[in-house]
Peer 1: 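Quick one: structure below, then a few questions.
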Amino acid sequence: MSVSKPITRLTVPEIIARKGSQKIVVLTAYTTPIAELLDPHVDILLVGDTVGMVLHGLPSTIGVTLEMMAMHGQAVMRGSSRALVVVDMPFGTYEGSPVDAHRSAVRLMQETGCQAVKLESSKQIAENIQYLTDRGIPVMGHVGLRPQSVHIEGGFKAKGRIDSEREKVLEEARATEQAGAFAIVAEGVSSDLADEITREIHIPIIGIGASPNCDGQVLVIDDMLGLFDWTPKFVRRYANLRETVSRAAQAFADDVRSGRFPDQTETYRFKIKA
Ligand code: KIV
């Protein structure tokens, strides 16, 4: 096989090899400039379907489409060169049958150039995951609090307080691993349950609202940058961009209204090539 360009991004086998040795750093990204800023610092850029909530103002991830994921996936690929890029498969695009799942995953990979897809996994979805992994598509699973099940669950509910719930999450993780997934996001699970999953499952477990002992951690970028006035309790804010943006907008409005806004014609130079 002739190869035109060497792969410079982290690869799926490299991520798997981190289990038990080096922690995996994951942040969500949805746009080119944010991907550019995050790329040097993270191992995986996750184009999560949270994009529907954080960028498009949807009440849940249910309304997110394949088109939206492809568009944001392309943007993140353009802004990164180092991190492994994983794109989420939205609600309704992979659950129906293995063939549906395959069609959707192929479209995302071909249109974006991403290296892997993520889907919310369960025992029932394991057959679809297996169909993808048997055909060369790397899959990241997602167990515990699965946001696409918001309506059947009656809300976004953490898992692991009762035994039957714990067993179900463990089964989800086992089925996902057996189907050939290369990593699993464990969201909103009690720390002892997350620890148990991390010990028992042989592929990397990436926690969110789980346990610091997971093989890696993921956060939603807009939450960790402090862009919202409300974030889940477990989220540590590493910046307060909400205040910064609000202050900047206020300063601009003051300049415009008071006539202090500078004449930009002196400094604004277009170079237009004929
Ligand atoms: O969609 C997303 O951003 C996610 C993270 C919360 C892990 O799945």
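Because the structure is predicted, anything quoted here is derived from the model rather than measured. Counting convention: from 1, in listed order, for ligands and their atoms alike. In what follows, every heavy atom counts, from backbone to side chain, and hydrogens, waters and symmetry copies are set aside.
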Peer 1: Rounded to the nearest 0.5 Å, how far does CG of Leu10 lie from CZ of Arg18?
Peer 2: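 Taking CZ in Arg18 and CG in Leu10, the distance rounds to 6.0 Å.
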Peer 1: What are the two closest non-hydrogen atoms of Met68 and Leu58, and how far apart are they?
Peer 2: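 Scanning both residues completely, I find the closest heavy atoms to be CE-CD1, 4.4 Å.
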Peer 1: Distance under 4.0 Å to a non-hydrogen atom of Gly48: what atoms of ligand 1 satisfy this?
Peer 2: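 In order of numbering, the contacting atoms are 1 (O), 2 (C), 3 (O).
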Peer 1: So, Asp49 versus Gln148: side-chain donor-acceptor pair below 3.5 Å or not?
Peer 2: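 Yes, side-chain donor-acceptor contact under 3.5 Å.
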Peer 1: Which bit of Leu46 is near ligand 1, meaning a heavy atom under 4.0 Å away: side chain, backbone, both or neither?
Peer 2: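 The part of Leu46 near ligand 1 is the side chain, not the backbone.
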Peer 1: Nearest protein heavy atom to atom 8 (O) of ligand 1, by residue and atom, and its distance?
Peer 2: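 Result: Lys118 NZ, 2.8 Å.
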Peer 1: What part of Asp88 sits under 4.0 Å from ligand 1 if we count only heavy atoms: the side chain, the backbone, both or neither?
Peer 2: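 Contact part for Asp88 vs ligand 1: side chain (C-beta onward).
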Peer 1: To check your reading of the model: name the closest protein heavy atom to atom 6 (C) of ligand 1, its residue, and the distance in Å.
Peer 2: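 Here the closest protein heavy atom is Ile208 CD1, 3.7 Å.
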Peer 1: So, taking the atom named CZ in Phe228 and the one named CG in Asp222, what distance separates them when rounded to the nearest 0.5 Å?
Peer 2: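 Phe228 CZ to Asp222 CG: 5.0 Å, rounded to 0.5 Å.
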Peer 1: For ligand 1, is any non-hydrogen atom under 4.0 Å from Thr50's backbone (N, CA, C, O), its side chain (CB onward), both, or neither?
Peer 2: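 It is both backbone and side chain that touch ligand 1.
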Peer 1: Under 4.0 Å from a heavy atom of His142: which atoms of ligand 1 are those, numbered in the order shown and with their elements?
Peer 2: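 Answer for ligand 1: 8 (O).
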Peer 1: Can you tell me if Arg135 has over 12 outside heavy atoms packed within less than 6.0 Å of its CZ?
Peer 2: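 Yes.
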Peer 1: Indicate whether the side chain of Asp223 and that of Thr231 have a donor and an acceptor atom separated by less than 3.5 Å.
Peer 2: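 Absent: no donor and acceptor within the cut-off.
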Peer 1: Using a 4.0 Å heavy-atom threshold (strictly under), name the region of Thr28 that reaches ligand 1: side chain, backbone, both or neither.
Peer 2: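 Just the side chain.
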